[in-house]
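We use all heavy atoms of the structure for the numbers below, so side chains are in, but hydrogens, waters and symmetry mates are not. Chain A is the first sequence line, chain B the second, and so forth, proteins listed ahead of strands; every chain is numbered from 1.
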Amino acid sequence: SQQGEEDPQALSIQEGENATMNCSYKTSINNLQWYRQNSGRGLVHLILIRSNEREKHSGRLRVTLDTSKKSSSLLITASRAADTASYFCATDGGKLIFGQGTTLQVKP
Amino acid sequence: DSGVTQTPKHLITATGQRVTLRCSPRSGDLSVYWYQQSLDQGLQFLIQYYNGEERAKGNILERFSAQQFPDLHSELNLSSLELGDSALYFCASSVGWRDSPLHFGNGTRLTVT
């Protein structure tokens with residue numbers, strides 16, 4: 001299926017450390033997006049990277065996309081306790097399909 | 001605040017019943033999406049509308065239907081409800097029909113007893 005799969009499923013780090021989450025997918029895409037969800041709330045869009053882009057930055061976020069390997073990574077630098085949330089990649093190949101997410105816990 | 005409004009926030013109903021979930025998209029957005037989120041299935045894409053027309057369909061059950069009205073608000077109708085339909089239902093909107101970030105509402109939590 002087109003669905004992205006995030007890795008790891010769960011990640012626990014200390015405040016100030018970097019967090020890296022990976023996403024793999026199976027089919028061709030137009031773009032890949034990353035979202036964040038705080039418990040029980042709606043998802044919040046973080047970054048959209050198009051299939052012809054390789055890297056994108058937004059504040060402390062860095063996203064890479066490797067279409068040859070059908071994979072993407074989200075790096076959060078200098079993490080904060082407030083970054084604790086679930087992070088989802090979503091692949092757009094005509095429908096926006098979300099992966100199962102990575103649960104990130106940042107300990108103060 | 002995403003600008004997407006979903007009502008009601010919570011809904012408790014019995015098996016076999018029918019419910020309607022409502023979504024008002026962010027001002028200026030023409031696309032509306034519906035997603036179902038449950039613990040075992042994750043976030044499942046149900047359906048997308050763009051300016052009143054169905055644009056893409058996901059794993060939406062035949063018991064479920066949706067529409068987008070001329071004022072761009074959307075409704076998701078769930079009928080013959082089963083216990084397994086208990087989930088968080090999200091509406092999201094975007095400006096275009098593709099290559100656009102989605103803006104999510106806070107969801108409707110449906111509990112079927």
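- Heavy atoms closer than 4.5 Å to chain B are found in both the backbone and the side chain of A:Leu43.
- More than 12 heavy-atom neighbours from other residues, nucleotides or ligands sit within 6.0 angstrom of CG on A:Asn30.
- No continuous path of hydrophobic side-chain contacts links B:Leu21 to B:Leu72 [ILVMFWY only; heavy atoms under 4.5 Å].
- Cluster membership for A:Val44 and A:Ile97, using ILVMFWY side-chain heavy atoms within less than 4.5 angstrom, is not shared.
- Atom CD of A:Gln9 is surrounded by 12 or fewer heavy atoms from other residues, nucleotides or ligands within 6.0 Å.
- Only one option out of B:Phe45, B:Tyr35, B:Phe90 pairs with A:Phe98 in a ring-ring contact (aromatic ring centres under 6.0 Å, His included); it is B:Tyr35.
- Counting all heavy atoms, side chain and backbone alike, A:Lys95 lies closest to B:Lys57 at NZ-O, 2.7 Å.
- The 12-atom threshold is exceeded at CD of A:Gln14, counting heavy atoms of other residues, nucleotides or ligands nearer than 6.0 Å.
- Heavy atoms closer than 4.5 Å to chain A are found nowhere in B:Gln6, neither backbone nor side chain.
- In this structure, CG in B:Leu43 is found 9.0 Å from CG in A:Leu96, a value given to the nearest 0.5 Å.
- What you find for A:Arg50 and B:Asp99 is that their closest heavy atoms are NH2-O, 3.3 Å.
- For B:Ala56 against A:Gly94, the heavy-atom pair with the smallest separation is CB-O, 4.0 Å.
- Contacts of B:Leu102 with chain A are made by both backbone and side-chain atoms, with heavy-atom separations under 4.5 Å.
- By the 6.0 Å contact criterion, CG on B:Leu39 is open, its count of non-hydrogen atoms from other residues, nucleotides or ligands being 12 or less.
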